Amino acid sequence: MSTRIPFLKGHGTENDFVIVPDPENAVDLPPAAVAALCDRRAGIGGDGLLHVVRSAAHPEAKGMAAEAEWFMDYRNGDGSIAEMCGNGVRVFARYLQRAGHVSEGDLAVATRGGVKTVHIAKDGDVTVGMGKAVLPEGDVMVSVGERSWPARNVNMGNPHAVAFVDDLSHAGDLLSPPPFSPAAAYPDGVNVEFVVDRGPGHVALRVHERGAGETRSCGTGACAVAVAAARRDGADPTATGTPATYTVDVPGGTLVITERPDGEIEMTGPAVIVAEGEIDADWLDTATRA
């Protein structure tokens, strides 16, 4: 390992990430190393880590290399592996643009949730094709303290429980995962969104993300919320042939989510690179072994 490892820091609606460019998949990033880098006091700090690897160089992405040159090897802030991160894809695309690997327009990004289509607009916003939502059957409940709510089970490549509440403060501090039932609904844990209405086609959320706690934004969570809100409001674009668009306020900004008649969901929002530098490999090695 070299004595210094390049990194960048970026965010999408204040969902922030450590970015480690590693085209040939040469940097070892075990869970402890990722957790150390994402530590907000002793590391760089971030909700997660974007490991930028060429698809052909990563065993989990080789099968997608013909469709997408780049693989987003995404990790949660605690070092655990996640299937997808919508805000992360936008920031990933912004990094590729900054590094000169892509330009404005369309590109494809490989993720553990499949290949995602991305459009980098001239105005700076990035739109990500998030795929289709899956709505598993069965009742789900989530709880905070003595309050409980029915939740809509929505899978966006990762699992979500969407609960509509009267006030976002009812979500509590979201430091620990909100209890849910039945346990079999989410054997690997779940992202939980608490949602209030702001107006027609306009909602706001707070979210507890698996492995990260409360975050300022969650892209797949915003998509899950838009789908759940549409179904609650009696809208199903695949049945009506009319797109459904929701403005979703997150603590860190605003995202616009559109579900098309073919079931595909598009998410549009900002993506910003704020810093770049070098990681001291000796520090990382020490932090990993601590």
Side-chain angles (χ1 to χ4, degrees), residues 12-13 15 47-48 74 76-78 80-90 111-114 116 128-144 148-165 168 170-172 174 176-197 203-233 235-237 244 246-252 255-259 263-267 269:
T13 51
N15 194 185
D47 293 321
Y74 180 68
N76 292 315
D78 64 355
S80 60
I81 289 173
E83 301 92 336
M84 237 300 275
C85 175
N87 287 318
V89 174
R90 295 203 322 280
T111 76
R112 291 185 178 87
K116 304 301 178 184
V128 179
M130 300 290 287
K132 299 179 180 181
V134 176
L135 302 173
E137 296 292 335
D139 296 329
V140 176
M141 297 291 293
V142 298
S143 302
V144 175
S148 295
W149 303 268
R152 188 71 188 244
N153 190 347
V154 182
N155 194 292
M156 286 298 309
N158 56 0
H160 296 268
V162 180
F164 292 90
V165 300
L168 289 179
H170 293 169
L174 292 182
S176 57
F180 61 86
S181 64
Y186 304 109
D188 299 317
V190 64
N191 305 287
V192 182
E193 286 80 25
F194 297 89
V195 187
V196 296
D197 289 297
V203 296
L205 68 80
R206 289 178 62 199
V207 57
H208 181 281
E209 289 195 63
R210 288 185 304 175
E214 182 172 16
T215 58
R216 300 286 293 169
S217 180
C218 176
T220 55
C223 293
V225 164
V227 170
R231 298 304 182 273
R232 181 203 61 176
D233 296 341
D236 182 351
Y246 280 78
T247 297
V248 182
D249 293 338
V250 297
L255 297 166
V256 177
I257 312 298
T258 297
E259 185 179 8
E264 292 291 326
I265 297 169
E266 295 179 337
M267 174 184 65

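Since this is a predicted model, take the numbers as computed values, not measurements.
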Distance check, rounded to the nearest 0.5 Å: [X] atom [atom1] versus [Y] atom [atom2]?
X: Glu193; Y: Leu168; atom1: CD; atom2: CG; value: 12.0 Å
X: Met267; Y: Thr258; atom1: CE; atom2: OG1; value: 11.5 Å
X: Asp236; Y: Arg231; atom1: CG; atom2: CZ; value: 4.0 Å
X: Thr215; Y: Arg206; atom1: OG1; atom2: CZ; value: 10.5 Å
X: Cys85; Y: Asp47; atom1: SG; atom2: CG; value: 8.0 Å
X: Glu266; Y: Glu259; atom1: CD; atom2: CD; value: 11.0 Å

Listed partners of Tyr186 passing ring pair (Phe, Tyr, Trp, His ring centres under 6.0 Å), at least two apart: Phe180
Would a distance-only check, ignoring hydrogens and angles, find a side-chain to backbone donor-acceptor pair under 3.5 Å from [X] to [Y]?
X: Arg152; Y: Phe164; result: no
X: Asn191; Y: Pro159; result: yes
X: Asp78; Y: Ser80; result: yes

Minimum side-chain heavy-atom gap Val225-Tyr246 below 4.5 Å: no
Heavy-atom check, side chain of Met130 versus side chain of Met156, under 4.5 Å: yes
Which atoms form the tightest heavy-atom contact between [X] and [Y], and what is the distance?
X: Val142; Y: Ala151; result: CG1-CB, 4.1 Å
X: Ser143; Y: Pro178; result: O-CB, 3.6 Å
X: Leu205; Y: Pro251; result: O-CD, 3.4 Å
X: Leu255; Y: Ser217; result: CD1-OG, 3.9 Å
X: Val162; Y: Ala228; result: CG1-CB, 3.8 Å
X: Asn15; Y: Arg216; result: N-CB, 4.3 Å

side-chain contact (heavy atoms from CB on, under 4.5 Å) against Asp197, all qualifying residues, sequence neighbours excluded: Val203, Arg232
Sole residue of Arg112, Glu209, Arg210 in side-chain contact (heavy atoms from CB on, under 4.5 Å) with Asn158: Arg210
Pair Thr13-Arg90, side-chain contact (heavy atoms from CB on, under 4.5 Å): steps then yes or no: CA-CA 10 Å; Thr13 51; Arg90 295 203 322 280; 4.0 Å; yes
Aromatic ring pairing His170/Trp149, orientation class (parallel under 30°, perpendicular over 60°, tilted between): parallel
